[in-house]
Each structure stands twice: as C-alpha cells, then as structure tokens.
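To start, the structure itself, in structure tokens.
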Amino acid sequence: MKFKIAVIKGDGIGPEIVDQAIRVIDKIAEKYNHTFDFSFCLAGGSAIDATGNTLPEETIEICRESDSILLGAVGGPKWDAMPSGNRPENALLGIRSKLDLFANIRPAIMYNALSDACPIRKEFISDGFDMVIVRELTGDVYFGEKGRTQSGGVTTGYDIMKYSETEVERIGRRAFEMAMKRSKKLCSVDKANVLETSRVWRETMHRIREEYPEVDYSDMYVDNAAMQLVRNPGQFDVIVTGNLFGDILSDEASMITGSIGMLPSASLNETGFGMYEPIHGSAPDITGKGIANPIATILSTAMMMRYSLNLADEASAIETAVEKVLDLGYRTADLGKDYLSTSEITDKIISYI
Ligand code: IPM
Ligand code: MG
C-alpha cells in the first residue's frame, strides 16, 4: 500500500530522532512491501527562523493532504522571548485545533527490562503497570478566552476554563471504546468538588456510561489521581481527563515508567486521522550529541500504523523489536551508563524487524 506522511522534524533533538524513526518506517516499507512518501514541513522554532511564523499555512495544507503526521518536538530557549501567540508551542496548539485532533492517547507502560529505572519502590509496582491516558486536547483552559486586565496599576491574567457537553461526550466515548478494547476499566479524572466545568464533565460522563454497562467506571479528583499514580499505578488501566489535568498527569505517568524518552503519543480526530509524536520535548541540553533516545518516536510510528494506517502487524513488529532490544540489555544514555547512540540503538531495532 501507499501512504503519504507529513513530517515535522521540529527543533532541538526533533530532527535527530525523526531521522531514526524514518529509517524504521523504511524498513517496514521494505519488509511489508509498502510505499511511504514523506513531505517535510516546518513548525515551531525552525519555522519562526525560516518564515517568521510558527505555523505556516503551507504546513497545515500539507498535513491535511497526508494520511498521517509525524512530529519530533518543538521549542527551545532560543524562542522563549517570542511574543505569546507566535511561540513554538503555538504551532502545536494550532495543529491540534485546526485539524480537530481532540483525542490525545498517551500510553504509559513499564517495560520489565526497565523496572530498575522506575523511581517507585518495587513493592508498590510488583505487577508492573500498563495504562493509557486519554486526554482531551482541543478545549479547556488551553483554548478558552484569555487575556489581561489592568486595575489600579495591578495586572491580572486570566484563562477561561470551559467544556461543553458535546466536547466531553466525544472524548468520553473515545475513552469508553478504548476501555472496551482493553480491560474494561475506566477512571475519569476531574475536580468536580470545586469546578463547574468538572461538574458538567462528570454529569456527561455518567450519562454516556449508560451506553457502556460492561465498563467498570470510576470518578477521581485530580489531586487524588496525582497521588494514586505514585502510590499504586497498577490500579489504573484507562484514564480519561481534560486538557490541563491530562497534560500534568501524563508527564507524571511517563516519569514512573523510568524514562520520558520511551513514551509515544497519538492525537486523533473523529475519523482516526492524527498526529504522532513522542511525549518528551526538544531537549536542547542534549541536542546534537547523538545520545537522544529515539524509542518514543519509533513507538509513535508504531501507533501511527495501528491507529491511522490500519497496519496492525507492522505496528506489532516495531513494538516487538523495541522490546527485544531492551530485553537484550541495549540502552540509550537516559537509561544506562553503558549506552548506544541514537542511531546505534535504531540499528539494533531495525535488525529485529
Ligand atoms: C504536551 C506539551 C504541550 C501541552 C505544550 C508544549 C504546549 O506539554 O504536549 O504535553 O501543554 O499540551
Ligand atoms: Mg505536557
């Protein structure tokens, strides 16, 4: 089959890790007889440098015409002084909202081979964990009205938090469907003891819960969820939550797996079209050293194959190869003293596909 992939390498380590992910895709193409056409486009800091604009219209057009989008990472200290609205982060937010990528799927899996890297004491994670955070990505305080007011010489900033029932329904259904495919357990995280937004969230979740009677559903306040994630992560399977809480909890969940360099993510629209990217950022401190961990990006290509391209066997081939390489003890610099470079670990992964 033939696929068109929009590729945004981005900033910092983005280009290094995306180059490796492309090598993995090329290996899949060869082995399974597919053709992947890559269209490279700019977003974030590199787009600001080249065009003055963090998200050129051309990039959105190329993304719209593609079957899927692969992104490295955007941002870095060089662009921190850019005006709000034209920062590298705005490119990400712009792609998410313009393409309606409302469902952010962030798995957090503890690999057996990496259990020593997990910062939680062994007795609390004896059974390991394998969870997915389903984060709403195009609403909430991220996209509500924001601004500043001045009064008596005092500046006040504000960002409106809001969710409509319609927004909650579509992310809720996504999460229930995910739970149905896994162990039929779903925890919805909110702050309904304080926030009206969360009360609407919770009422809506309870309504759609009726459509999924087989799912073991629970509600949890976000402060408690943050605590439970480090106390006993194995209790979670699928978590569904809003944009801001999901941002915070997904970083926490990634850290307890041992390394943020391992975790992929998908951001999907209603039809399954989406953007795939590692959870980690552009890591300016290690850029250009050849030591970045490419696995999160490589696993993101596996998610792309599974969720958007309908290539489940190919996705499993990538995931199995990654697991094999970890089981054999190969590590990148974030995970061990005796480590392989970004391209060397990719060589190993490719050799097991
Ligand atoms: C993420 C990031 C982004 C977010 C930033 C870079 C805008 O932290 O994808 O989690 O807050 O959503
Ligand atoms: Mg984040």
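Each ligand, and each atom within it, is numbered from 1 in the order the structure gives. Values below: every heavy atom of this structure, side chains too, minus hydrogens, waters and symmetry copies. Since this is a predicted model, take the numbers as computed values, not measurements.
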Given side chains that start at C-beta, do those of [X] and [Y] come closer than 4.5 Å, heavy atoms only?
X: M205; Y: V240; result: yes
X: Y158; Y: T149; result: yes
X: L326; Y: I295; result: yes
X: N104; Y: E136; result: no
X: I260; Y: D334; result: no

**Study point:** Cationic N near anionic O, under 4.0 Å, R306 to E314
**Key:**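 Between E314 and R306 there is no salt bridge, as every charged N stays at least 4.0 Å from the carboxylate O atoms.
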
Point to revise | Cluster check I133, Y307: I/L/V/M/F/W/Y, side chain < 4.5 angstrom | key: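 Different clusters: I133 never reaches Y307 through Ile, Leu, Val, Met, Phe, Trp or Tyr contacts under 4.5 Å.
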
Review point. To which of D251, D247, V74, I279 does the heavy atom nearest atom 8 (O) of ligand 1 belong?
Key: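 The nearest heavy atom belongs to D247.
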
Practice item. Would you mind checking which non-hydrogen protein atom is closest to atom 4 (C) of ligand 1, with the distance to 0.1 Å? Key: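 Checking every protein heavy atom, the shortest distance to atom 4 (C) of ligand 1 gives Y142 OH, 3.4 Å.
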
Review point. Starting from atom 1 (C) of ligand 1, which protein heavy atom do you reach first, and at what distance in Å?
Key: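 Of every protein heavy atom, R106 NH2, 3.3 Å lies nearest to atom 1 (C) of ligand 1.
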
Check your understanding: Just checking, R170 and F102: is the charged tip under 6.0 Å from the six-membered ring centre and within 45° of the axis?
Key ->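 Pair R170/F102 counts as cation-pi.
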
Review point. Cation-pi between R135 and Y142: NZ/CZ under 6.0 Å from ring centre and within 45° of the ring axis?
Key: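 Yes - R135 lies over the ring of Y142, closer than 6.0 Å to its centre and within 45° of its axis.
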
Review point. Numbering the atoms of ligand 1 from 1, which are under 4.0 Å from a heavy atom of R135?
Key: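 Atoms satisfying the 4.0 Å criterion: 1 (C), 4 (C), 9 (O), 10 (O), 11 (O), 12 (O).
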
Check your understanding: In ligand 1, which numbered atoms sit nearer than 4.0 Å to a non-hydrogen atom of R96?
Key ->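 Checking each atom against R96, I get 1 (C), 4 (C), 9 (O), 12 (O).
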
Point to revise | Closer than 2.8 Å to the Mg ion (ligand 2) - protein N, O or S atoms, ordered by chain and residue number | key: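 For the Mg ion (ligand 2), the protein N, O and S atoms that sit under 2.8 Å away are D247 OD1.
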
Review point. Any N or O of E89 that comes nearer than 3.5 Å to an N or O of ligand 1?
Key: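 Such a contact does not occur with ligand 1.
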
